[in-house]
Amino acid sequence: MGLLEFSKLPVNTLVGADWKTFNEITRGRVIDPDYRGKYRLTKAVCRLLSVLKPLQDKKYEKLLASKPLEHDPVFILGHWRSGTTFMHNVFSCDKHFGYNTTYQTVFPHLMMWGQPFFKKNMSWLMPDKRPTDNMELAVDLPQEEEFALTNMMPYTYYNFWFLPKHMQEYADKYLLFEDITNDELKVFEETFTKLIKISLWNTNGTQFLSKNPPHTGRVKELVKMFPNAKFIYLMRNPYTVFESTRSFFTNTIKPLQLQSISPEELQENILSVYAKLYHKYEADKRFIPEGNLVEVRFEDYEKNAFDLTQEIYQKLSLPGFDEARPAIEAYVNKKKGYKKNKYQYKPETVELVEKHWRFALDEWNYHLE
């Protein structure tokens, strides 16, 4: 167990941002009085660590910048709390995959220089369980890359964790790419490619394995960047997703926010963003070449993860399953006793989901159990 609790962190994850990104994210934004101490301390640490960024930039230019990717990535898509973390952990047992680590999400500019020192201290301080469920947490475990991207550029959806009053604005611009400018899109492409190359270098992988819910709204752009990318889309019972997402967002935002947001506003945003993300994915999945997309119900995957993983490898023509079989089987067997959070659906929850997300219930044939 680490020394710090998430709810009591004196800084937020922007400590690992470069100075330019930190300033662009926060410029012109109101920092609420209750969070100004955290903002000032985060800013001070960020400023201090930013002086080290040129060391990595120099090494990246020398070793990786001009090196082409061997394979286009594999993207695990789905709304938050749809089981993407479990699938990510299963597939990452295959050592030909490379991925973004938990350490990298916070310190993406301290990967190719200084990592042993900073990682040791981060491991000492951080909790060993996620604050919202019982999933293990460690510096070298696979993690979604949006937090890392947030510390590398100002054009990401996860700015809302710090500035939740602008959640819908960030959703339209940087989750769905509807209002994003060409210049911002170019920065996204360059920054994401850089993150992938550093991730592969760090984990000794040859193909990047992405688990990042925001990418669910960026399918068209991802196919443009990586024409032969493979996609796995997870769907899950919307009643469970709503309850789990509300709990996840409510708990995760506490140590990160620099602005206040009411539970009612956060809930309204969750209901709205789910619908936007669902319809954007449904509209854009047609751009994925035939044979490069598999859609899976999480409830089926959870019951039979090993066999369905093998089936996904076959359908997407992914290499390496036979070599990874023992590690995948061992991980899946270890998780069979994992205890998930259980949700009791209140009448108002059922009403909200059926009012706002009826399209998903009907399309996926989900109902109350």
Side-chain angles (χ1 to χ4, degrees), residues 13-25 46-75 92 95-119 122 139-140 142-159 174 177 180-212 214-215 218 220-230 319:
T13 54
L14 281 173
V15 291
D18 60 90
W19 189 234
K20 179 181 178 183
T21 294
F22 181 94
N23 283 311
E24 288 197 34
I25 289 174
C46 174
R47 186 70 184 100
L48 181 65
L49 294 179
S50 285
V51 303
L52 302 175
K53 179 179 178 290
L55 297 172
Q56 171 162 294
D57 289 345
K58 184 177 181 180
K59 194 168 184 179
Y60 174 79
E61 288 299 322
K62 181 180 179 181
L63 296 181
L64 301 177
S66 61
K67 185 178 179 181
L69 296 175
E70 292 184 45
H71 307 282
D72 284 351
V74 174
F75 292 98
S92 67
K95 298 308 176 186
H96 105 271
F97 285 125
Y99 45 80
N100 180 93
T101 65
T102 301
Y103 170 81
Q104 189 177 3
T105 62
V106 182
F107 299 113
H109 303 295
L110 297 172
M111 293 296 296
M112 302 181 76
W113 186 93
Q115 183 175 169
F117 172 79
F118 290 102
K119 187 163 67 177
M122 180 176 171
V139 287
D140 288 319
Q143 189 58 261
E144 65 186 70
E145 60 263 24
E146 194 77 3
F147 273 114
L149 291 171
T150 300
N151 281 341
M152 298 172 75
M153 63 176 178
Y155 313 128
T156 72
Y157 176 56
Y158 276 5
N159 292 345
Y174 305 136
F177 283 175
I180 194 169
T181 68
N182 289 333
D183 287 343
E184 290 171 340
L185 201 55
K186 183 178 179 182
V187 171
F188 171 84
E189 293 172 352
E190 293 173 350
T191 304
F192 186 34
T193 300
K194 181 177 183 178
L195 179 143
I196 289 173
K197 290 183 178 182
I198 292 175
S199 298
L200 293 174
W201 172 88
N202 181 57
T203 54
N204 297 310
T206 58
Q207 185 171 24
F208 185 67
L209 178 66
S210 165
K211 170 257 176 182
N212 198 48
H215 285 334
R218 305 166 180 162
K220 184 178 178 180
E221 175 63 22
L222 294 174
V223 172
K224 189 181 84 172
M225 290 178 67
F226 310 107
N228 196 39
K230 312 292 185 177

Pair listing, salt bridge (Lys or Arg N to Asp or Glu O under 4.0 Å) test, anchored in residues 181-194, at least two apart: D57-K194, K173-E184, E189-K224
Smallest separation among heavy atoms of A148 and Q104, with atom names: CB-O, 3.5 Å
Qualifying residues under side-chain hydrogen bond (donor to acceptor under 3.5 Å, both in side chains), relative to E145, sequence neighbours excluded: S210, H215
Expected output: side-chain N159 to main-chain I25 donor-acceptor under 3.5 Å: no
Ring pair (Phe, Tyr, Trp, His ring centres under 6.0 Å) involving Y158 - partner list, sequence neighbours excluded: F147, W161
Ring pair (Phe, Tyr, Trp, His ring centres under 6.0 Å) partners for F188, two or more places apart: F177, F192
Check: T13 side chain, V106 main-chain N or O, donor-acceptor pair, under 3.5 Å: no
Qualifying residues under side-chain hydrogen bond (donor to acceptor under 3.5 Å, both in side chains), relative to Q56, sequence neighbours excluded: none
Side chain to side chain contact (heavy atoms under 4.5 Å, CB included) between C46 and L14, intermediate numbers included: CA-CA 7 Å; C46 174; L14 281 173; 6.0 Å; no
Sequence-distant partners of K95, side chain to side chain contact (heavy atoms under 4.5 Å, CB included), two or more places apart: none
T191/L195 under side chain to side chain contact (heavy atoms under 4.5 Å, CB included): CA gap, chis, key distance, verdict: CA-CA 6 Å; T191 304; L195 179 143; 5.7 Å; no
Donor-acceptor contact present, side-chain H109 to main-chain L49, <3.5 Å: no
With sequence neighbours excluded, residues passing ring pair (Phe, Tyr, Trp, His ring centres under 6.0 Å) with Y99: none
Whether Y103 and F107 hold their rings parallel, tilted or perpendicular, with breakpoints at 30° and 60°: tilted
Within residues 146-157 or reaching into it, pairs that qualify as salt bridge (Lys or Arg N to Asp or Glu O under 4.0 Å) - sequence neighbours excluded: E146-R218
Those residues that, when tested against P54, pass side chain to side chain contact (heavy atoms under 4.5 Å, CB included) (two or more places apart): none
With sequence neighbours excluded, residues passing side-chain hydrogen bond (donor to acceptor under 3.5 Å, both in side chains) with T21: D18
List the atom pairs, donor and acceptor, that lie under 3.5 Å between side-chain atoms in residues 61-75 and the rest of the protein, sequence neighbours left out.
unit_1	atom_1	unit_2	atom_2	d
D72	OD2	N228	N	2.8

Results of ring pair (Phe, Tyr, Trp, His ring centres under 6.0 Å) for F97 - residues two or more places apart only: none
Smallest separation among heavy atoms of S50 and A17, with atom names: OG-O, 3.4 Å
Derivation and outcome, side chain to side chain contact (heavy atoms under 4.5 Å, CB included), residues T102 and D140: CA-CA 6 Å; T102 301; D140 288 319; over 6 Å; no
